Number of protein chains: 2
Amino acid sequence: MSQAPRRTRDRAATEAALLAAARARFTLGGYDATSVRDIARDAGVDPALIFRYFGSKERLFERAAQTVDDEHEAPSDGGAEDVPTRLLHAAMRQAAPGSAGGHPLAALLLSSGRPECREQLNAQLSHDYVHALEQLVDLPDRELRAELLTAWLLGITVARSLARTPALSEACVDDISPYFERVAAVLLGTPAPVAAPPDGPAAP
Amino acid sequence: MSQAPRRTRDRAATEAALLAAARARFTLGGYDATSVRDIARDAGVDPALIFRYFGSKERLFERAAQTVDDEHEAPSDGGAEDVPTRLLHAAMRQAAPGSAGGHPLAALLLSSGRPECREQLNAQLSHDYVHALEQLVDLPDRELRAELLTAWLLGITVARSLARTPALSEACVDDISPYFERVAAVLLGTPAPVAAPPDGPAAP
DNA sequence: GAGTCAAGTCATCGATTGATGACTTGGACC
DNA sequence: GGTCCAAGTCATCAATCGATGACTTGACTC
């Protein structure tokens, strides 16, 4: 998208520029709709460098699609009990900070026609979302409850990043948080939150 | 996928076979990952007939992706109040009956990197889901509430059809219905349902 | 300044894509 | 059986794709 300025010879910077451009393109269009020439043009770099530095388009995609190395937050660290809130923040995060592009999961979603991407999507959801939520449930249908809440977070991501639904796209975390906490309480079987959405006081 | 048996010359049957094959392929892999040769091979037909009968790959996709002409159910007919339940059934429906393939929305989701497909996805969600649900809300945040429930239905579809989350993929409507009704009641502000999910009696 | 090695460039490959148009063939009609 | 038109076939186009390898250029050391 944004042509990068001329750099002096710097492999690390070139790799980073390619990775950023790849993330932006892949999260906006998916694997098939993105060509290595597009990515290289955005990075202001020759397309051949992609293969020199990353080996193949597929390996570049894997590097661009994994969120594990995201330096700013990992979905499974920090406190113990505010897991749902952290997952909501992750679902609401629009793009990697400091770069254009869509939600990190969008790259996998848009490319989930490819079996490898579908596997990676499934693995990432299972590890980051379902497993973390399951720990909070001590009722029948543990897995189903966790997956239902995961589906909601996934749907919020899709609605904001792909479908671009108007109200959800412009909402911030605080707008959704009260609804989210009540629904999470229902699905996980945890006690209802104190704060209530604007439809009168919560039932005692 | 399944090679069709030899037909006598029959344009209507050939068009139908192409449309069925296109639906199956597009809902499983999206627009870019599906070639006209794939579709024609599945239909047992020469690829050139696609352009003769549908004009272009894009127009075939539009025909295959629209659910309006689905003869068996339109999302906005029938009774007045069980709209959420009908939408849940629509989200849980795996594929067009009588043919392989994924959920009808999956074709649009997988192809939403293309601007036209994103528009069509947005329009379909707005019309079939958000607008119908909005009518049921008489509280602040009408649109947001409707979109939040839409996002959940969308997420259920994605989890089942693309991510293939285990518990949700094997669940049927009756498994999810009790949770769905309680969450829908929370989001829409309607009275809580009588039947409760298996975590003890519902709060009065 | 010569030498060296990595960073970056360039031409080009084979495969596949969507699409076109001339061609052949089947079957209904008189 | 001859005619005719639509259904279906075939060869092929231009464009684009991912990928390769030989080449040039910059920056650093001695």
Side-chain angles (χ1 to χ4, degrees), chain A residues 3-26 28-65 107 110-111 113-117, chain B residues 3-26 28-65 107 110-111 113-117:
Chain A
Q3 185 82 351
R6 199 98 225 92
R7 270 185 318 280
T8 62
R9 296 196 161 197
D10 183 346
R11 167 160 181 166
T14 298
E15 279 191 38
L18 280 172
L19 205 53
R23 248 191 278 258
R25 283 277 185 181
F26 283 138
L28 255 51
Y31 185 88
D32 290 309
T34 301
S35 73
V36 293
R37 290 172 171 86
D38 290 333
I39 298 171
R41 193 180 324 115
D42 291 348
V45 149
D46 193 277
L49 293 179
I50 289 180
F51 302 94
R52 180 187 293 264
Y53 293 154
F54 298 93
S56 68
K57 179 188 180 185
E58 203 153 21
R59 291 227 285 278
L60 172 60
F61 178 82
E62 292 170 8
R63 289 278 304 273
L110 283 169
S111 313
R114 302 167 54 84
E116 323 87 36
C117 295
Chain B
Q3 185 82 352
R6 199 97 225 90
R7 271 185 316 281
T8 63
R9 297 195 161 197
D10 183 347
R11 168 160 182 166
T14 298
E15 279 191 38
L18 280 172
L19 206 53
R23 248 191 277 258
R25 284 276 185 181
F26 283 138
L28 255 51
Y31 184 88
D32 289 310
T34 301
S35 73
V36 293
R37 289 172 172 84
D38 290 334
I39 298 171
R41 193 181 324 113
D42 290 350
V45 148
D46 192 277
L49 292 180
I50 288 180
F51 303 95
R52 180 186 294 264
Y53 293 154
F54 297 92
S56 68
K57 179 189 180 185
E58 203 154 21
R59 290 228 286 279
L60 172 61
F61 179 82
E62 291 170 9
R63 288 279 305 272
L110 283 169
S111 313
R114 302 167 55 83
E116 323 88 34
C117 295

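Remember, it's a predicted structure, so these values are computed and weren't measured experimentally. Chain letters run A, B, ... following the sequence lines, proteins first, then strands; residues in each count from 1.
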J.: Using atom CD1 of B:Ile50 as one end and atom C1' of D:dA7 as the other, report the distance to the nearest whole Å.
T.: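 Rounding to the nearest Å, CD1 of B:Ile50 and C1' of D:dA7 are 15 Å apart.
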J.: Mind checking B:Phe54 for me? I need base, sugar-phosphate or nothing, with any heavy atom below 4.0 Å counting as a touch.
T.: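 Result for B:Phe54 = nothing.
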J.: Calculate the interatomic distance between A:Leu18 atom CG and D:dG18 atom P; express it in whole Å.
T.: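 Nearest whole value for this atom pair: 14 Å.
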J.: Rounding to an integer number of Å, can you tell me how far B:Leu49 CG sits from C:dT25 C1'?
T.: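 Roughly 13 Å, once rounded to whole Å.
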J.: A:Asp32: which residues meet the salt bridge (Lys or Arg N to Asp or Glu O under 4.0 Å) condition with it, sequence neighbours left out?
T.: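 For A:Asp32 there are no salt bridge (Lys or Arg N to Asp or Glu O under 4.0 Å) partners, ignoring immediate neighbours.
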J.: Please enumerate all residues that pass side-chain contact (heavy atoms from CB on, under 4.5 Å) together with B:Ala22, with sequence neighbours excluded.
T.: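 Scan of B:Ala22 (side-chain contact (heavy atoms from CB on, under 4.5 Å), adjacent residues dropped) gives B:Phe26, B:Ile39, B:Leu60, B:Ala64.
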J.: Please enumerate all protein N or O atoms sitting under 3.5 Å from an N or O of nucleotides 18-22 of chain C, with distances to 0.1 Å.
T.:
{"unit_1": "C:dG18", "atom_1": "OP1", "unit_2": "B:Thr34", "atom_2": "O", "d": "3.4"}
{"unit_1": "C:dG18", "atom_1": "OP1", "unit_2": "B:Lys57", "atom_2": "NZ", "d": "2.6"}
{"unit_1": "C:dG18", "atom_1": "OP2", "unit_2": "B:Val36", "atom_2": "N", "d": "3.1"}
{"unit_1": "C:dG18", "atom_1": "N7", "unit_2": "B:Arg37", "atom_2": "NH1", "d": "2.9"}
{"unit_1": "C:dG18", "atom_1": "O6", "unit_2": "B:Arg37", "atom_2": "NH2", "d": "3.1"}
{"unit_1": "C:dA19", "atom_1": "OP2", "unit_2": "B:Lys57", "atom_2": "N", "d": "2.9"}

J.: Name all residues meeting the salt bridge (Lys or Arg N to Asp or Glu O under 4.0 Å) criterion together with A:Arg11; count only those two or more places apart in sequence or in a different chain, and write none if there are none.
T.: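 So A:Arg11 forms a salt bridge (Lys or Arg N to Asp or Glu O under 4.0 Å) with A:Glu15.
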J.: Which heavy atom in A:Thr34 sits nearest to a heavy atom in A:Lys57, and how many Å separate them?
T.: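 Closest pair (atom of A:Thr34, atom of A:Lys57, distance): O-NZ, 2.8 Å.
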J.: Would you kindly give the CZ-to-C1' distance between A:Arg41 and D:dT16, to the nearest whole Å?
T.: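 After rounding, the gap between these two atoms is 12 Å.
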J.: Measuring to OP1 and OP2 of D:dA7, would you say a side-chain N or O of B:Arg11 lies under 4.0 angstrom away?
T.: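 B:Arg11 to D:dA7 OP1/OP2: side-chain N or O found under 4.0 Å.
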J.: With B:Glu58, which residues qualify under salt bridge (Lys or Arg N to Asp or Glu O under 4.0 Å), at least two apart?
T.: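 Testing B:Glu58 for salt bridge (Lys or Arg N to Asp or Glu O under 4.0 Å), a comparison that skips the adjacent residues, returns B:Arg114.
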J.: Specify the separation, in whole Å, of atom CG of A:Asp10 and atom C1' of C:dG8.
T.: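 Rounded to the whole Å, the gap is 13 Å.
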J.: Taking atom C1' of D:dC17 as reference, at what distance in whole Å does atom CG of A:Asp38 sit?
T.: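 The distance from CG of A:Asp38 to C1' of D:dC17 comes to 11 Å, rounded to the nearest Å.
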J.: Who are the side-chain hydrogen bond (donor to acceptor under 3.5 Å, both in side chains) partners of B:Ser56, not counting sequence neighbours?
T.: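 With neighbours one apart ignored, the set is empty.
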